[in-house]
Participant: 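Below you'll find the structure I mean.
These values consider heavy atoms only, across backbone and side chains, with no hydrogens, waters or symmetry-generated copies. Here is how names work: the chains are called A, B, and so on, in the same order as the sequence lines, proteins then strands, and each is numbered from 1.
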Amino acid sequence: MLDQERWNRIVWRCRRGMLENDLVLTRFLAARGRAMTEDEVALLDRLLDLPDSELWDLIAGRREPQDPAVGPLLSALRRA
Amino acid sequence: MSALPVRKFDAVIVGAGGSGMRASLQLAEAGLSVAVLSKVFPTRSHTVAAQGGIGASLGNMSEDSWLWHMYDTIKGSDWLGDQDAIEYMCKMAPQVVYELEHFGMPFDRNPDGTIYQRPFGGHSANFGERPVQRACAAADRTGHAMVHTLYQRNVRARTQFFVEWMALDLIRNADGDVQGVVAYEMETGDVMILQAKVTVLATGGAGRIFAASTNAFINTGDGLGMAARAGLPLEDMEFWQFHPTGVAGAGVLITEGVRGEGGILLNAQGERFMERYAPNLKDLASRDVVSRSMDQEIKEGRGVGPHKDHVLLKLDHLGPDVILKRLPSIREIALKFANVDCIKEPIPVVPTIHYQMGGIPTNVNGQVVAPKGSDPNAVVPGLYAVGECACVSVHGANRLGTNSLLDLLVFGRAAGNHIVGQNLRAQGQQALARDAGDASRARLARLDGASSGESVPEVAHEIRKTMQAHCGVFRNQQLLAEGVRQVMDLDARVARTAIGDRSRVFNTARVEALELDNLIETAKATIVSAEARRESRGAQARSDYPNRDDANWLKHTLWYRDGSRLDYKPVNLKPLSVEAFPPKARTY
């Protein structure tokens with residue numbers, strides 16, 4: 001269970017420059033809530049470091065991630 | 001109250017999108033100390049979402065001229081744009097594009113190495129005679145490439161970024177001089193005064209005041225709220241551009257390219273209704289015409305779905321090959337946000353808010369202006385505004401495609417140069433106003449002291465719903481007057497919000513409550529201005545006043561927060577160096 005501070009920080013980092021990403025990330029956060037593990041949050045943080053258009057390419061399935069470790073998380077985002 | 005900590009800069013810029021970073025680059029390269037505040041990391045600003053291109057009469061594809069670009073812009077604006085500002089922008093366009101090229105912007109190229117230019121709606125040669133290719137682009141990622149190019153240059157020039165900082169209010173002294181901003185650091189919850197010899201607002205548009213919006217969540221009109229609370233007017237806020245095809249319920253934009261490739265709009269009866277409204281161009285008529293036709297169909301009960309609240313964009317007849325090859329991201333967007341596979345089924349779409357033409361009034365130097373005595377455009381000392389939050393006014397009642405990115409570059413640069421020309425380094429800081437920061441601290445104290453009250457997300461939702469229902473595509477007196485009443489009720493509710501989370505570090509609930517203060521000012525400015533303007537012009541379509549009325553309404557609206565008062569000022573119909581373009585009917 002994430003503490004409030006960690007959760008707030010990740011929620012804010014999910015504010016993006018593109019509405020597409022805002023919507024997908026909001027749905028994902030609503031579905032997973034604070035039950036996310038610390039490992040998942042670390043992976044999500046790595047995805048959130050990407051520029052918006054690259055993040056959207058990954059979510060929309062137009063591109064596959066270079067780092068296979070984010071695979072399961074990305075699948076969850078694609079289903080969100 | 002104990003004094004807030006103060007940090008001092010030559011210039012503070014609020015917002016790190018295209019316009020803010022174009023301005024900051026001029027300042028940092030001239031050796032000024034510059035602080036740029038941004039709620040999110042600079043390369044996540046909403047400028048990244050711009051796809052189309054940058055309009056500039058380079059003439060790389062066929063003959064073109066800035067004067068033709070100027071004519072297209074004035075006509076697009078439905079003659080509400082100021083012709084001095086439009087001349088300046090169109091003349092400067094080639095130069096700012098070449099500068100960006102030198103900064104390393106990856107423009108699409110012609111085989112001979114020159115910048116490739118694509119066709120775009122409303123771009124014409126010889127004053128409307130024939131289409132001309134004027135849009136400079138980097139694939140469908142022009143905004144993204146521009147923001148990244150500008151960010152790299154700013155890092156090189158040692159611009160100081162304050163990332164995940166939100167500006168709360170402007171600081172003005174008794175003479176009205178602007179002395180900087182009060183800012184909130186999300187990481188710590190600390191409030192600080194950033195004192196500056198000049199302050200630049202570059203906070204983008206406020207499209208989140210509408211339920212159906214293509215804008216990202218960060219577009220809450222922060223600069224507009226700050227200006228309004230500081231007693232400054234907001235200009236022409238009734239003018240908002242709709243994009244005809246946003247996914248119903250989500251807002252995500254379906255590019256015009258879909259209709260370019262042969263996609264068609266259908267009502268509940270399966271009728272291709274655009275044949276009735278625009279027999280020649282049909283589904284490819286201009287954005288405002290298509291949006292109004294769709295709205296008409298829905299209002300007359302021919303909408304689709306259980307609430308009859310949208311129409312359908314059909315493209316399955318194009319076949320999977322065309323869809324997958326020429327419209328690559330559309331299928332994912334339709335699947336994800338409409339839950340339909342557009343290879344087999346149509347996509348539910350509605351006209352969706354896309355761009356804010358109005359904003360904080362400025363002159364061609366980006367200096368904020370407001371009426372004072374007999375001068376409708378007196379400079380507000382120490383304050384500039386650039387980009388979508390500003391109103392120069394080059395877009396007037398309706399923006400020409402590709403002029404938004406151009407506006408960012410031209411006026412971001414112009415403001416930067418004008419500030420550099422003031423030799424700020426030789427000047428000291430003014431004595432800070434004695435009440436500096438009090439208003440912001442009172443806002444925070446009220447919020448933190450409220451043990452119960454209105455829910456922030458709920459009131460924000462109500463604002464969006466009300467604006468959508470009462471200030472949408474087609475407007476009339478009854479709808480608008482009732483909308484004004486409801487928005488004023490919501491204004492009172494905004495003053496009574498409370499949040500459950502009192503933590504300091506990354507308190508997103510507090511940030512959203514502070515954003516709500518800006519959303520409501522923008523909403524009031526928009527609907528009060530729209531109610532008062534009894535004509536149809538550009539993006540404002542009134543069913544009770546269907547015609548443009550130059551005799552009474554060829555003027556800019558100015559809305560003031562105090563008493564929600566309106567004032568007006570003349571449109572500048574006098575260009576800088578050429579003959580004026582007198583108003584005539586806008587037909588395509």
Side-chain angles (χ1 to χ4, degrees), chain A residues 1-34 36 38 40-42 44-65 71 73-80, chain B residues 16-17 39-51 139-141 143-145 147-148 151 164 166 186-187 204 207-208 213-220 246-247 249-253 328-333 335-337 352 500-512 515:
Chain A
M1 192 78 168
L2 298 178
D3 64 30
Q4 182 79 37
E5 197 180 307
R6 190 81 181 96
W7 170 250
N8 283 350
R9 195 183 292 267
I10 207 80
V11 166
W12 189 257
R13 293 205 68 208
C14 288
R15 286 268 209 123
R16 310 298 298 191
M18 280 169 66
L19 179 64
E20 289 85 340
N21 289 333
D22 276 339
L23 293 170
V24 170
L25 290 164
T26 303
R27 285 183 201 169
F28 173 79
L29 290 178
R32 297 303 308 276
R34 283 162 68 176
M36 261 190 288
E38 198 47 60
E40 275 182 304
V41 173
L44 181 57
D45 248 332
R46 265 155 69 184
L47 280 178
L48 295 177
D49 279 338
L50 293 172
D52 273 294
S53 48
E54 284 173 37
L55 178 60
W56 172 242
D57 278 350
L58 288 175
I59 292 172
R62 291 166 79 178
R63 210 180 288 173
E64 290 307 315
L73 176 69
L74 189 59
S75 304
L77 282 175
R78 285 174 179 172
R79 284 193 306 269
Chain B
K39 290 197 291 188
V40 297
F41 196 75
T43 53
R44 283 172 217 149
S45 303
H46 190 52
T47 309
V48 300
Q51 301 175 346
D140 62 349
R141 296 275 157 89
H144 169 88
V147 163
H148 281 259
Y151 179 66
E164 292 169 339
M166 181 181 179
M186 294 180 205
E187 174 83 47
R208 299 305 304 175
S213 169
T214 68
N215 283 204
F217 291 179
I218 46 178
N219 287 23
T220 52
V247 173
V252 174
L253 201 140
S329 58
I330 297 309
R331 192 176 181 209
E332 286 91 22
I333 287 176
L335 278 170
K336 201 153 242 0
F337 301 110
T352 301
D501 182 358
R502 299 293 163 82
S503 61
R504 287 184 70 79
V505 178
F506 265 93
N507 187 331
T508 51
R510 185 181 287 133
V511 171
E512 283 169 12
E515 288 176 332

Participant: Checking heavy atoms, do the side chain of A:Ile59, its backbone, both or neither come under 4.5 Å from chain B?
Facilitator: both
Participant: Of the backbone (N, CA, C, O) and the side chain (C-beta and beyond), which part of A:Leu25 lies under 4.5 Å from a heavy atom of chain B, both, or neither?
Facilitator: neither
Participant: Based on non-hydrogen pairs under 4.5 Å, which of B:Val505, B:Val40, B:Val48, B:Val147 is most in contact with chain A?
Facilitator: B:Val505
Participant: Could you check B:Phe506 against A:Val11 for side chain to side chain contact (heavy atoms under 4.5 Å, CB included), going step by step and ending with a plain yes or no?
Facilitator: CA-CA 9 Å; B:Phe506 265 93; A:Val11 166; over 6 Å; no
Participant: Select one option (side chain, backbone, both, neither) describing which atoms of B:Val247 are under 4.5 Å from chain A's heavy atoms.
Facilitator: neither
Participant: Scan the chain A/chain B interface and emit each donor-acceptor pair under 3.5 angstrom with its distance.
Facilitator:
{"unit_1": "A:Gln4", "atom_1": "NE2", "unit_2": "B:Asp501", "atom_2": "OD2", "d": "3.4"}
{"unit_1": "A:Asn8", "atom_1": "ND2", "unit_2": "B:Asp501", "atom_2": "OD2", "d": "3.2"}
{"unit_1": "A:Asn8", "atom_1": "ND2", "unit_2": "B:Phe506", "atom_2": "O", "d": "3.0"}
{"unit_1": "A:Arg9", "atom_1": "NH1", "unit_2": "B:Glu187", "atom_2": "OE1", "d": "3.1"}
{"unit_1": "A:Arg9", "atom_1": "NH1", "unit_2": "B:Glu187", "atom_2": "OE2", "d": "3.3"}
{"unit_1": "A:Arg9", "atom_1": "NH2", "unit_2": "B:Glu187", "atom_2": "OE2", "d": "3.0"}
{"unit_1": "A:Trp12", "atom_1": "NE1", "unit_2": "B:Lys39", "atom_2": "O", "d": "2.9"}
{"unit_1": "A:Arg15", "atom_1": "NH1", "unit_2": "B:Phe217", "atom_2": "O", "d": "3.3"}
{"unit_1": "A:Arg15", "atom_1": "NH1", "unit_2": "B:Glu515", "atom_2": "OE2", "d": "3.2"}
{"unit_1": "A:Arg15", "atom_1": "NH2", "unit_2": "B:Glu515", "atom_2": "OE1", "d": "2.6"}
{"unit_1": "A:Arg15", "atom_1": "NH2", "unit_2": "B:Glu515", "atom_2": "OE2", "d": "3.3"}
{"unit_1": "A:Gly17", "atom_1": "N", "unit_2": "B:Arg44", "atom_2": "O", "d": "3.2"}
{"unit_1": "A:Gly17", "atom_1": "O", "unit_2": "B:His46", "atom_2": "ND1", "d": "2.8"}
{"unit_1": "A:Asp22", "atom_1": "OD2", "unit_2": "B:Phe217", "atom_2": "N", "d": "2.7"}
{"unit_1": "A:Arg27", "atom_1": "NH1", "unit_2": "B:Lys336", "atom_2": "O", "d": "3.1"}
{"unit_1": "A:Arg27", "atom_1": "NH2", "unit_2": "B:Lys336", "atom_2": "O", "d": "3.4"}
{"unit_1": "A:Leu48", "atom_1": "O", "unit_2": "B:Arg44", "atom_2": "NH2", "d": "3.1"}
{"unit_1": "A:Ser53", "atom_1": "OG", "unit_2": "B:His144", "atom_2": "ND1", "d": "2.9"}
{"unit_1": "A:Ser53", "atom_1": "OG", "unit_2": "B:His144", "atom_2": "NE2", "d": "3.4"}
{"unit_1": "A:Asp57", "atom_1": "OD1", "unit_2": "B:Arg141", "atom_2": "NH2", "d": "3.0"}
{"unit_1": "A:Asp57", "atom_1": "OD2", "unit_2": "B:Arg141", "atom_2": "NH1", "d": "3.4"}
{"unit_1": "A:Arg78", "atom_1": "O", "unit_2": "B:Lys336", "atom_2": "NZ", "d": "2.3"}

Participant: Need one label for B:Phe41: side chain, backbone, both or neither, based on atoms under 4.5 Å from any heavy atom in chain A.
Facilitator: neither
Participant: In terms of heavy-atom proximity below 4.5 Å to chain A, should B:Ala250 be classed as side chain, backbone, both, or neither?
Facilitator: both
